[in-house]
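Given the structure is predicted, the values throughout are model-derived calculations rather than measurements. Each chain gets a letter, A, B and so on, in the order its sequence line appears, and its residues count up from 1.
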Protein chains: 2
Amino acid sequence: MTFGRDRLHGSLDLLVLSNLAGGPRYGYQILASLRERSGGRIILKAGTLYPILHKLERDKCVRTWWDDATGRDRKWYALTERGRKRMESRAREWLDYAACVRGLLGPLAERLAPPSPPLDAVGK
Amino acid sequence: MTFGRDRLHGSLDLLVLSNLAGGPRYGYQILASLRERSGGRIILKAGTLYPILHKLERDKCVRTWWDDATGRDRKWYALTERGRKRMESRAREWLDYAACVRGLLGPLAERLAPPSPPLDAVGK
DNA sequence: GCGAGATATATCGCTGAACTAAGTATAGCA
DNA sequence: TGCTATACTTAGTTCAGCGATATATCTCGC
């Protein structure tokens, strides 16, 4: 199942920021990285990603430069200190909200819970 | 901290459905219930809730009736079987997405993780 | 008995994040 | 020579949640 607009809403910039936390990347690479690392469930369109990157750049959360050394013109993005801070606060908020929803779902969450701890060794 | 529009987006109907899973409620009661059970962090406005309830009603996910026995005119909402099914599928999707994001955040999530299992008895 | 504030529901218009769609341009391969 | 993948950009659309506003009743203090 691929996650749509409703699911992604409000967490996309966090996903992009955290993706850049692994080191500088160029746009197209971020698309592929998110697709792969999500198991093909987060498929961003270019028209969705680039405006986000432009905004992060405007906000000085990423620093950018062009590189055409490989023949291909690529625009690279690297997280700034400001970007790292924003990532952390956005992550904190997101995790907090997720915990809150889980709490509200209560037993329903327990029952459907499978995927959260992938290191669940407790035999059923 | 109260969660804003970006956080709530796409999970509000799930929250409403799951709130109704505890038994029939009327609109104003749902507002109060969500506010309290979230520790004051999910504050819905009437103008947000009622359109959601109307849509759930149109979709036959809730059954409704008016009751003025107490003097107050109240419109009660009860989950239908169809609504219960939608709640489950929406919950499954949400939990799945949350797990996916957690996975993408990786060590960042571990580091900021505190709130997720409130029943954490494992001594530190 | 009268105003203030809580209770209770409804609707309209706005905002902005994410999407669609379309465009530009080059590399590599059949 | 075209087709596909790579790589970035921008203009226009959609629609969920929000703010503002309207209506009406109940309760409490004064």
Check: Which class fits the ring pair A/Trp94 and B/Tyr97: parallel under 30°, tilted 30 to 60°, perpendicular over 60°?
Finding: perpendicular
Margin query: Looking at A/Tyr26, I'd like to know whether one of its side-chain N or O atoms comes within less than 4.0 Å of OP1 or OP2 on D/dA7.
Written below: yes
Next item on the list: Find the distance A/Asp68:CG to D/dC8:C1' and express it as a whole number of Å.
Entry: 14 Å
Note to self: Tell me whether B/Arg90 contacts the main-chain N or O of B/Gly10 through its side chain, where contact means a donor paired with an acceptor under 3.5 Å.
What the structure shows: yes
Next item on the list: Starting from P on C/dA18, measure out to NE2 on A/His54 and report it in whole angstrom.
Entry: 15 Å
Note to self: Between P on C/dA18 and CG on A/Leu34, what's the gap in Å once rounded to a whole number?
What the structure shows: 13 Å
Item checked: Sugar-phosphate only, base, or nothing, as touched by A/Trp66 at under 4.0 Å among non-hydrogen atoms -> sugar-phosphate
Item checked: Between C/dA21 (C1') and A/Leu49 (CG): distance, integer Å -> 17 Å
Next item on the list: Spell out, as yes or no, whether a donor-acceptor pair under 3.5 Å connects the side chain of A/Ser38 to the backbone of A/Leu34.
Entry: yes
Margin query: Counting primed atoms plus P, OP1 and OP2 as sugar-phosphate and everything else as base, spell out the protein contacts along nucleotides 14-26 of chain D at 4.0 Å heavy-atom distance: B, S or - for each nucleotide, 5' to 3'.
Written below: B-SBBBB----BB
Item checked: Atom-to-atom span, CG of A/Asp73 to P of C/dG28 - whole angstrom -> 13 Å
Check: What's the shortest heavy-atom distance between A/Trp76 and A/Pro24, and which atoms?
Finding: CZ3-O, 3.8 Å
Margin query: Between A/Arg84 and A/Glu81 (salt bridge meaning N to carboxylate O under 4.0 Å), is one present in this structure?
Written below: yes
Notebook entry, point to check: Whole-Å distance between C/dA17 C1' and A/Trp94 CH2?
Noted result: 17 Å
Notebook entry, point to check: Separation of A/Tyr50 atom OH from D/dG12 atom P, in whole Å?
Noted result: 21 Å
Check: Is any side-chain N of the basic residue among A/Asp13 and A/Lys55 closer than 4.0 Å to the acidic one's carboxylate O?
Finding: no
Checklist line | Nucleotide C/dA10, atom C1' - distance to OH of B/Tyr28 in whole Å | finding: 15 Å
